[in-house]
Amino acid sequence: MAAPPDAQEGKSIIMPPLFSGKYYGWWKERMHDFLEGEDLKLWDIVEKGPNKPMMVNKKGISTEPKPREKYSENDVKGVQKNAKAKKILICDFSLDEYNRISACRNTKSIWDAL
């Protein structure tokens with residue numbers, strides 16, 4: 001895994017590393033560590049996709065997405081984790097890379113697009 005020649009990016013513990021379109025392997029490892037350092041579940045959301053609160057029928061089968069006004073406290077926490085993971089990813093792209101992923105709706109689709 002090659003690192004950028006100046007390697008100044010990715011050394012902050014409070015800011016995610018900037019992805020400029022180069023050195024993807026280097027950035028990927030740092031982003032993985034950054035997301036897990038923020039919250040272990042954030043990396044799960046990136047890998048597996050977002051938590052989508054669903055309505056459940058009497059047989060216990062998920063039927064359709066749950067309306068926001070019916071979210072439980074746990075639903076809200078899951079949706080907030082999705083938003084946090086997406087915010088962290090989106091905030092660390094250069095303009096060119098952001099334009100490439102701007103149509104993606106969740107963190108998994110952003111990660112897969114890269």
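Counting from 1, the numbers follow the sequence of the chain as shown.
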CA sep, side-chain torsions, deciding dist, call: V56, I61, side-chain contact (heavy atoms from CB on, under 4.5 Å): CA-CA 5 Å; V56 178; I61 299 170; 5.8 Å; no
Contact check, side chains of L18 and W27, non-hydrogen atoms, under 4.5 Å: no
Separation between OG1 of T107 and CD1 of I88, rounded to the nearest 0.5 Å: 10.0 Å
Which atom of M54 lies closest to which atom of T63, heavy atoms considered: CE-C, 4.4 Å
Pairs involving residues 35-68, ordered by first then second residue, that meet ring pair (Phe, Tyr, Trp, His ring centres under 6.0 Å) (sequence neighbours left out): H32-W43, W43-W111
Donor + acceptor pair across side chains of S102, N99 (<3.5 Å): no
Euclidean distance, S94 OG relative to K22 NZ, rounded to 0.5 Å: 10.5 Å
K66 atom NZ, neighbour heavy-atom count above 12 within 6.0 Å: yes
Contact summary for E97 and G21, nearest pair of heavy atoms: OE2-CA, 3.3 Å
E36 vs L42 side-chain heavy atoms within contact, under 4.5 Å: no
Main-chain N/O of A113 paired with R100 side-chain donor or acceptor, under 3.5 Å: yes
Minimal non-hydrogen separation, C104 against K86, with atom names: O-NZ, 3.8 Å
From N57 atom CG to E64 atom CD, the distance as rounded to the nearest 0.5 Å: 10.0 Å
V79 and N51, any side-chain heavy atoms less than 4.5 Å apart: no
Distance (rounded to the nearest 0.5 Å) between F93 CZ and I101 CD1: 4.5 Å
Any side-chain heavy-atom pair of F19 and L89 under 4.5 Å: no
Single-linkage hydrophobic cluster Y98~F34, side-chain heavy atoms < 4.5 angstrom: yes
Pairing of D39 and K84 as salt bridge, 4.0 angstrom limit: no
Flag side-chain contact, heavy atom, 4.5 Å: N82 against N106: no
P67 versus M55, closest heavy-atom pair with distance: CD-SD, 3.8 Å
Nearest-0.5 Å distance that lies between atom OH in Y71 and atom NZ in K77: 15.5 Å
Salt-bridge present (D112, K108; N to O < 4.0 Å): yes
